[in-house]
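For the numbers below, each heavy atom of this structure counts, side chains included, while hydrogens, waters and symmetry mates do not. Every number for a ligand or one of its atoms is a count from 1 in the order of the listing.
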Amino acid sequence: MRILVTASSKHGSTDEVADAIAERLGAGGHEVDRIAPEDVESVDAYGAVVVGSAVYILQWIPQAHDFMDRFAEQLEGMPVWAFSVGMNGVPKHAPQDPTRIGPLLTRVEANDVRSFAGRYDPEVLTLRERSVARLAGVVEGDFRDWDAIGAWADSIVEELAAHE
Ligand SMILES: Cc1cc2nc3c(=O)[nH]c(=O)nc-3n(C[C@H](O)[C@H](O)[C@H](O)COP(=O)(O)O)c2cc1C
């Protein structure tokens, strides 16, 4: 099956998560297109879509929002998986509020919606981002769980196979 994997990232950690998911879907025998949401012109060619975004101040990045708006109608009739990358699940703090992201997905019935812990590296951030992150209690470090990310991608492969 041809699958679109599209994700919005500001500082790269979400892009790397999307890359890992795409690689795993490819290993599962699917043909995968890895395209940024703003560069997707049509979803007609795809049998399934995996869409994700980093979470900034409780929200998906505008380009990912825009993707959901532009293709809401088509996505409604397709198998869709969604993921967020944020500091949700990081022990010290859980600033991500999934109910804020939820409404974005209410128009589209996603097969699964998953939050993965991300990476916070103050060195790559602007001064403003650093102070917002400090206020939000975001913890420094790379918390991405590659096994969990790979397992989630494998579950997509399994679910697609079950319906084929
Ligand atoms: C300014 C700022 C605000 C953030 N706000 C949130 C938030 O509201 N919820 C959350 O779960 N994570 C939040 N994070 C953590 C990011 O989502 C996390 O660092 C993520 O891995 C960044 O993805 P990216 O590297 O793809 O841009 C914030 C990080 C920064 C720097």
Practice task
Quick one: do R119 and D121 satisfy salt bridge (Lys or Arg N to Asp or Glu O under 4.0 Å)? Show the steps, please.
Solution key: CA-CA 6 Å; R119 176 187 65 198; D121 176 4; 5.5 Å; no

Would one find an N or O of [X], backbone or side chain, under 3.5 Å from an N or O of ligand 1?
| X | value |
| --- | --- |
| E129 | no |
| M87 | yes |
| Y56 | yes |
| V55 | yes |
| D15 | no |

Handout entry: R114 side-chain N/O to F83 backbone N/O, donor-acceptor pair under 3.5 Å
Key =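 Checking the backbone N and O of F83 against the side chain of R114, no donor-acceptor pair under 3.5 Å is found.
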
Could you list which atoms of ligand 1 come closer than 4.0 Å to a heavy atom of [X]?
| X | answer |
| --- | --- |
| G118 | 21 (O) |
| T14 | 23 (O), 24 (P), 26 (O) |
| V85 | 17 (O), 21 (O) |
| G86 | 10 (C), 11 (O), 12 (N), 17 (O) |
| L125 | 31 (C) |
| K10 | 24 (P), 26 (O), 27 (O) |

Practice task
Flag yes if more than 12 heavy atoms outside E159 fall under 6.0 Å of its CD atom; otherwise flag no.
Solution key: yes

Handout entry: Shortest reach to atom 23 (O) of ligand 1 by a heavy atom, considering only A18, A7, S13, S9
Key =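 Considering heavy atoms of A18, A7, S13, S9, the nearest to atom 23 (O) of ligand 1 sits in S13.
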
Problem - CD on E129 to OG1 on T126, rounded to 0.5 Å - result: 3.5 Å

Problem - Joint cluster assignment, F116 & Y56, ILVMFWY side-chain distance < 4.5 Å - result: no

Handout entry: Identified side-chain contact (heavy atoms from CB on, under 4.5 Å) partner of Q74 from the options V80, V43, V49
Key =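 For Q74, the side-chain contact (heavy atoms from CB on, under 4.5 Å) check succeeds only for V43.
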
Handout entry: Which residues share a salt bridge (charged side-chain N to carboxylate O under 4.0 Å, His left out) with D66, sequence neighbours left out
Key = R70

Practice task
Please determine, by modelled atom types, if S84 and W60 share a side-chain donor-acceptor pair under 3.5 angstrom.
Solution key: yes

